[in-house]
Amino acid sequence: MFRLILIAVVITVGLAFDATTASADQANVVYIMADELGYYELSCMGNPNIKTPRIDAMAAEGIRFTQALAGSAVCAPTRCCLMTGKHSGHTSVRVNGGGTPLRADEATVASMLKDVGYATGGFGKWGCGGRGSTGVPEKHGFDTFLGYYDQVHAHTYYPPYLVRNSEEVPLKNNHGNSDGETYSQYVIHDAAKKFIRDNQDQPFFCYMPITPPHGIFDIPDADPAWQIYKDKDWPEQAKRYAAMVTMVDREVGEVLDLLRELDLEKNTIVFFCGDNGGNDYFGSKEHPRGFHGANKDPATGVEFRGRKGQLYEGGLRIPMMARWPGRIAPGQVSDLLWYFPDFMPTVAELCGAKTPSDSDGISIVPELLGESAAGRKQEQHQYLYWEIGGQTAVRMGNWKAIQPRGKAWELYNLETDVSETTDLAVENNDVLATMMGFAKQAHTPAIEGTFFDRAIHERDRQAKFGGKPKRSSQANVLPKEGLLPNDDFRILRFSSQTTSHKAIDILDGNPKTHWHTSFNPKPLVHPHELVIDLGKGYEVRGFRYLARQDGGWNGAIKNCEISISTSSDKFDGPVTKATFRKTKQAQEIVCEPVRGRFVRVRVLSEVNGGPWASISELGIVGQP
């Protein structure tokens, strides 16, 4: 029986095939997506440090794209775009909180293919809904999914367990962080190969959103890839990162070899790409754009502006290629402008499925197989759209309009200025107006899925640390000298809080608890504030602040201002403004003595630039 097989390999991926629908002719799909791999971090892109011979060969044997763009600039939102065929103005997952869920009724590539008879398997980092939510993969078309549902869980390669269809799969002698015996990526990769082997006689979709090289840069010393780099005169973490990319290269080769072994190679399309733009890891004065130069052309020195998390090209431009012997002509380099929402309609056309009506993508089958084979010319996007964390971007041909967080719109012509250095907004106001109109048209309010059991989701997040919160056994405390007794203090009001990290926690005397602003259904932006009633009037002389004492920094305050009043409803200007350091130690700020009963704390920014606020303990220095 002749079947066409699609394999998408990604450091984020897609696929293609000309499928007229008889079940015997359906294409199988394998999609491998490497987490956070940069555009210039493959040796076929000229990277002088990292060796990727199997991926290089794959590019030479198929088609490589120079203008393939991620669905978003960070992990969870980009995965949602890929799986649902929607741009980030329409998706349910637009924040990178870790477990934000799809809605129960949302279609995915997997559910679309399952409806036409496919076996569906996922292996790696899901990111579209934590356990206990409406977004779990087995409720969105996957027969099986093994890996990490929550992104925090995925920040260790030695977790005590992985998750398969919401059930825990123990990993022998693992304790979280970098401590363990069982390397999770080996388990995930072997499960993906077994899925392909087990389903070789039926159409299948194998989705591989693998975690390397993101996260803690861990790779076993016994791995062959580590042997290539261990003696390099590089920073240790830069060596580990390079070895992880070469390990991914080997595993991509193993998938291709398996298809050849099963006599499926000529019936298989393979896509390989990154999930979002690269990061400037291991930067220094000598290497300001990172040791391996994820966003810097090693041949010309031309850079993509920005990096992961930003909507400049450095946050969106990804490596992408596709291989399909006999169907995709070898040796091609394409400048087709496309992005993750296009994966779903492409797969639908290749596999005889129906694209959901709310997809924002277009099929790229004519570009993959040739316009003659496809029977039509390649369609072009009118515009492409992104939004994340207060940033917005629109692409219209070579024009790129971007509105950074809190700033005016900028406009660039990428044909002549791929580094986005020269803002042409003033000279081309009509172009910018058109693109701003597209942005307004593209955005709809996010409607996220829901949790029915957050406890198991939180358990997965703590698995990063071995199943227990990562807290110092000797948590820092506020020095008591000069502090007002807080027995009568109470929280009068606050801008937001989470269900497990409440505002009252800043007064409980326990440094291992903390207040955190809400991040569901979406994080609120600064300023955040809370008002404390001291119970009676005091002369206030200063404040002591303690950042959260667990392993995280989300919400830790950078800039804030504090006001004192005799009225709970009216506050004049701040009595002090503070810029805090990124430290777990207690920090103190002083102010001119002022009498009052009510204290308002307004948080203006976070140490990592995020939208949150958190406080472990807040003490008031003063006297009656």
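The basis for the numbers below is simple: all heavy atoms, side chains too, and nothing from hydrogens, waters or symmetry mates.
Interatomic distance, Asp460 CG to Asp150 CG, rounded to the nearest 0.5 Å: 6.5 Å. Separating the CD1 atom in Ile364 from the CH2 atom in Trp338 is a distance of 3.5 Å, to the nearest 0.5 Å. To the nearest 0.5 Å, atoms OH (Tyr281) and CD (Glu36) are separated by 3.0 Å. Rounding to the nearest 0.5 angstrom, the gap separating the CZ atom in Arg131 from the OG atom in Ser133 is 11.0 Å. Between the CD atom of Glu367 and the CD1 atom of Ile63 there is a distance of 5.0 Å, given to the nearest 0.5 Å. Of the inter-residue distances, the one linking Glu458 atom CD with Phe451 atom CZ reads 8.0 Å to the nearest 0.5 angstrom.
Taking 4.0 Å as the cut-off between side-chain N and carboxylate O, Glu61 and Arg323 count as a salt-bridged pair. Using a cutoff of 4.0 Å between basic side-chain nitrogens and carboxylate oxygens, Glu410 and Lys400 are not scored as salt-bridged. Note on Asp249 versus Arg54: no salt bridge recorded, every NZ/NE/NH1/NH2 to OD/OE distance being 4.0 Å or above. Between Arg289 and Asp297, none of the side-chain N atoms (NZ, or NE/NH1/NH2) sits under 4.0 Å from a carboxylate O, so this pair counts as no salt bridge.
Counted by atom type alone, Asn559 and Thr579 present one or more donor-acceptor pairs between their side chains at under 3.5 Å. With no hydrogens or angles considered, no side-chain donor-acceptor pair links Glu313 and Tyr39 at under 3.5 Å. Under 3.5 Å, the side chains of Tyr148 and Ser184 contain a donor-acceptor pair of N or O atoms. A donor-acceptor contact closer than 3.5 angstrom is absent between the side chains of Gln310 and Arg405. Side chains of His90 and Asp360: a donor on one and an acceptor on the other come within 3.5 Å. Side chains of Asn279 and His214: a donor-acceptor N/O pair is absent below 3.5 angstrom, by distance only. When only modelled atom types and interatomic distance are considered, Ser178 and Asp218 share a side-chain donor-acceptor pair under 3.5 Å. For Glu106 and His140, the side-chain atoms include no donor-acceptor pair closer than 3.5 Å. Checking Ser43 against Thr52 by side-chain atom types alone, a donor-acceptor pair falls below 3.5 Å.
Between Tyr207 and Trp126, the ring-plane angle classifies as perpendicular under the 30° and 60° cut-offs. Using bins of under 30°, 30° to 60° and over 60° for the plane-to-plane angle, the ring pair Phe343/Phe205 lands in the tilted bin.
One N or O on the side chain of His526 and one on the backbone of Trp612 form a donor-acceptor pair closer than 3.5 Å. Side-chain atoms of Thr517 come within 3.5 Å of backbone atoms of Ala613 as a donor-acceptor pair (strictly under, hydrogens ignored).
Between Phe291 and Pro235 there is a side-chain heavy-atom pair separated by less than 4.5 Å.
In plain terms, the two heavy atoms of Glu303 and Ser419 that are nearest each other are O-OG, 2.5 Å. In terms of heavy-atom proximity, Ile557 sits nearest to Ser614 at CG1-O, 3.8 Å.
A 6.0 Å sphere centred on NZ of Lys558 holds no more than 12 heavy atoms belonging to other residues, nucleotides or ligands. Crowding of Lys582 atom NZ: a count of heavy atoms from other residues, nucleotides or ligands under 6.0 Å exceeding 12.
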Determine, stepwise, if the pair His153 / His155 fulfils ring pair (Phe, Tyr, Trp, His ring centres under 6.0 Å). CA-CA 5 Å; His153 186 194; His155 288 176; over 10 Å; no
Before giving the answer on side chain to side chain contact (heavy atoms under 4.5 Å, CB included), spell out for Ile318 and Leu37 the whole-Å C-alpha distance, their side-chain angles and the decisive distance to 0.1 Å. CA-CA 8 Å; Ile318 55 173; Leu37 183 71; over 6 Å; no
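A centroid separation of less than 6.0 Å is found between the aromatic rings of Tyr383 and Phe438.
Thr416 pairs by the side-chain hydrogen bond (donor to acceptor under 3.5 Å, both in side chains) definition with nothing, not counting sequence neighbours.
Listed by first then second residue, pairs satisfying ring-ring contact (aromatic ring centres under 6.0 Å, His included) with a partner in residues 384-434 read His87-Tyr385, Tyr339-Trp386, not counting sequence neighbours.
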